Undergrad: 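Take this structure first; my questions come after.
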Amino acid sequence: MKIVFLGTPDFAVPSLNALINSKHEILAVVCQPDKKVGRAQQVVFSPVKELALKNGLKVLQYNKIRLEGVEELKNLTPDIMISCAYGQILSQDIIDIAPYGIINVHGSLLPKYRGASPVQQSVIDGEKETGITIMQTDIGIDSGDILAVKKTPIYENETAGQLFDRLSVIGAELLIDTLDKIEKGMITPIKQDDSLATHVKMIKKEDALIDWSKSATTIFNLVRGMNPWPVAFTKIADKMLKIYTSTVDSNSVYLDKKDGEVVCADLKNGLIIKCGEGLLKVEELQLEGSKRMSAHDFLLGRKISVGDILG
RNA sequence: CGCGGAGUAGAGCAGUCUGGCAGCUCGUCGGGCUCAUAACCCGGAGGUCGUGUGGUUCGAAUCCCACCUCCGCAA
């Protein structure tokens, strides 16, 4: 089929790559405008744009595809459009361009976790299972008919980043499979049960602030879900302290300590913080202005001690 | 010129304000103790203090200047 691909970040790269290596023809790749990134404010191409350019594909970037993209895309006469973490709201005009419409690769088991950050939120919520849903895009947010689903467990210690990587590969496989079935007319779209729908907003930095009155398990899940971005954080002496990895310590109990208090900070037992319920052992962290390091290395420098209160 | 932190032994840091023998913890190597050990005791090695054939000074990790690199925030 003749395809227009809409996608931007790493998550979409395996899918685009799979399409490139398939029998299908990619007419154009649409992605978000280039952004200036980092301290130096250098312009960096998105991962999808990099891959597209490397393969000599036509790249289109719109500030607002709804306003700027309709005519140009229509003239390409695609059979189908595929979106995968593109990052812009689409309109009916866009949906109507291709005979097969737009199909979307989404990182959750719809109708749960509709919206912008399903993968991270699944980890934050401590879900045991998630997956990829490929759906027919309609005018709502991830509310269209389901074309294909593939489940996968969320592992005990898995971070959002690791899950992202796995799901993006699963998504790519399911996409190719689904395209073939669409072509052969073997797909029966299934309506979503809207009464079961949940929505997730874009993750913001402040969402990653640790609330030490929560349980250790909840915070452990937050740490996993916010890794690699924006990374769960707390404060120590008004400085930002990011926590990259942690474990729940169920060995001992400190009822007389405050939430967020350092109950242990030695090389033998590690860095342990009291939570609303249970204890969190910090494994990997980064202090503002400093490099990322293990809790062991951090303790060597003695920048924290028992009795300090975080948060 | 967006704001700020940092560069000292393999690692993490102190020392810089107030210039005067290069320190701490861990690791590492050797020895000891032990049924045994990642535990404990003793000893050793390991540094052109980011770069400068820069400036000041009797003397610079420390003060001044220029540059490089890393990191947090903001965008």
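Keep in mind that what you see is a predicted model, and the values were worked out from it rather than measured. A note on names: the letters A, B, ... follow the listed sequences, proteins ahead of strands, and every chain is numbered from 1.
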Undergrad: Could you tell me how far apart A/Arg292 (CZ) and B/A11 (C1') are, to the nearest whole angstrom?
TA: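 After rounding, the reported distance stands at 16 Å.
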Undergrad: So, does A/Asn104 use its side chain to make a donor-acceptor pair with the main chain of A/Ser83 at under 3.5 Å?
TA: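 Judged by distance alone, yes, a pair lies under 3.5 Å.
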Undergrad: If the P atom of B/U48 is compared with that of B/A6, how far apart are they to the nearest Å?
TA: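 Here B/U48 and B/A6 have their P atoms 23 Å from each other.
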Undergrad: Please answer: with hydrophobic residues joined when any side-chain heavy atoms are less than 4.5 Å apart, are A/Leu179 and A/Val30 in the same cluster?
TA: no
Undergrad: B/A75 C1' sits how many Å from A/Asp34 CG, rounded?
TA: 16 Å
Undergrad: Using a 4.0 Å cut-off on heavy atoms, which residues in residues 302-311 of chain A reach RNA chain B? List them by number, or say none.
TA: A/Arg302, A/Lys303
Undergrad: Just to confirm, is there a sub-4.0 Å distance from OP1 or OP2 of B/C73 to any side-chain nitrogen or oxygen of A/Lys242?
TA: yes
Undergrad: Searching all strands shown, indicate the nucleotide that pairs with B/G4 (Watson-Crick or G-U wobble; both distances under 3.5 Å).
TA: B/C71
Undergrad: In Watson-Crick or G-U wobble terms, both distances under 3.5 Å, what is the partner of B/A61?
TA: none
Undergrad: For B/C40, give its Watson-Crick or G-U wobble partner with both distances under 3.5 Å, or none.
TA: B/G32
Undergrad: Taking the minimum atom-to-atom distance to the side chain of A/Leu267, which one of B/A74, B/C26, B/C71 wins?
TA: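 Selected nucleotide (nearest to the side chain): B/C26.
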Undergrad: Please measure how far the P atom in B/C73 lies from the corresponding atom in B/G31, and state the result in whole Å.
TA: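 The answer is 48 Å between these two P atoms.
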Undergrad: Out of A/Glu127, A/His199, A/Gln120, A/Gln121, which one pairs with A/Tyr113 under the side chain to side chain donor-acceptor pair (under 3.5 Å) rule?
TA: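 Single pass found, and it is A/Glu127.
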Undergrad: Applying salt bridge (charged side-chain N to carboxylate O under 4.0 Å, His left out), name anything that partners A/Asp259, two or more places apart in sequence or on another chain.
TA: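 Per chain and number, A/Asp259 pairs via salt bridge (charged side-chain N to carboxylate O under 4.0 Å, His left out) with A/Lys274.
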Undergrad: Could you please name the partner base of B/A11, counting Watson-Crick and G-U wobble pairs only when both distances are under 3.5 Å?
TA: B/U25
Undergrad: Rounded to whole angstrom, note down the P distance from B/C3 over to B/G44.
TA: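 Result for the P pair: 50 Å, nearest Å.
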Undergrad: Distance between the C1' atoms of B/A22 and B/U16, in whole angstroms?
TA: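 Result for the C1' pair: 14 Å, nearest Å.
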Undergrad: Expressed in angstrom and rounded to an integer, what is the separation of A/Phe298 atom CZ from B/A11 atom C1'?
TA: 15 Å
Undergrad: If you take all heavy atoms of A/Pro118 and A/Ser108, which pair is closest and at what distance?
TA: CB-CB, 3.7 Å
Undergrad: Using atom C1' in both nucleotides, what's the gap between B/A61 and B/G19 to the nearest angstrom?
TA: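 After rounding to an integer number of Å, I get 10 Å for this pair.
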Undergrad: Please check the phosphate of B/A74 (OP1 and OP2 only) for any side-chain N or O of A/Lys205 closer than 4.0 Å.
TA: yes
Undergrad: Grab the NZ-P distance between A/Lys204 and B/A74 for me, whole Å please.
TA: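 Going from NZ in A/Lys204 over to P in B/A74 covers 13 Å.
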Undergrad: Is there a Watson-Crick or G-U wobble partner for B/U48 with both distances under 3.5 Å, and which nucleotide is it?
TA: none
Undergrad: Distance between the P atoms of B/U53 and B/C40, in whole angstroms?
TA: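 45 Å, rounded to whole Å.
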Undergrad: For A/Glu72 and A/Leu60, which heavy atoms make the closest approach, and how far apart are they?
TA: OE2-CD2, 3.3 Å
Undergrad: Strictly by modelled atom types, are A/Gln88 and A/Tyr62 linked by a side-chain donor-acceptor pair under 3.5 Å?
TA: no
Undergrad: Which nucleotide in the list B/C26, B/C70, B/G72 gets nearest to the side chain of A/Glu288?
TA: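 When the side chain of A/Glu288 is considered, B/G72 is the closest of B/C26, B/C70, B/G72.
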Undergrad: B/A14 and B/G2: how far apart are their P atoms, nearest whole angstrom?
TA: 28 Å
Undergrad: Quick one: on RNA chain B, does A/Leu287 or A/His296 contact a more 5' nucleotide (nearest heavy atom)?
TA: A/His296
Undergrad: Would you check if A/Leu6 and A/Ile65 make a side-chain contact, meaning some heavy-atom pair closer than 4.5 Å?
TA: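 Yes, at least one pair of side-chain atoms sits under 4.5 Å.
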Undergrad: Go through the side-chain N and O atoms of A/Gln162 and A/Tyr155 and say whether any donor and acceptor fall under 3.5 Å apart.
TA: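 Looking only at side-chain atoms, A/Tyr155 and A/Gln162 do not form any donor-acceptor pair under 3.5 Å.
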Undergrad: If you measure from the P atom in B/C65 to the same atom in B/G46, how many Å do you get, rounded?
TA: 36 Å
Undergrad: Could you give the CD1-to-P distance, from A/Ile243 to B/G72, as a whole number of Å?
TA: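 The distance from CD1 of A/Ile243 to P of B/G72 comes to 16 Å, rounded to the nearest Å.
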Undergrad: Take atom CG of A/Leu300 and atom P of B/U8, then tell me their distance rounded to the nearest Å.
TA: 15 Å
Undergrad: B/G72 P sits how many Å from A/Glu206 CD, rounded?
TA: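 Checked: the CD to P distance equals 18 Å.
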Undergrad: Can you tell me how far P of B/C71 sits from CG of A/Asp297, to the nearest Å?
TA: 17 Å
Undergrad: Taking 4.0 Å as the cut-off, does a side-chain nitrogen or oxygen of A/Ser290 come that near to OP1 or OP2 on B/G7?
TA: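 Answer no for this pair, as no side-chain N or O of A/Ser290 is under 4.0 Å from OP1 or OP2.
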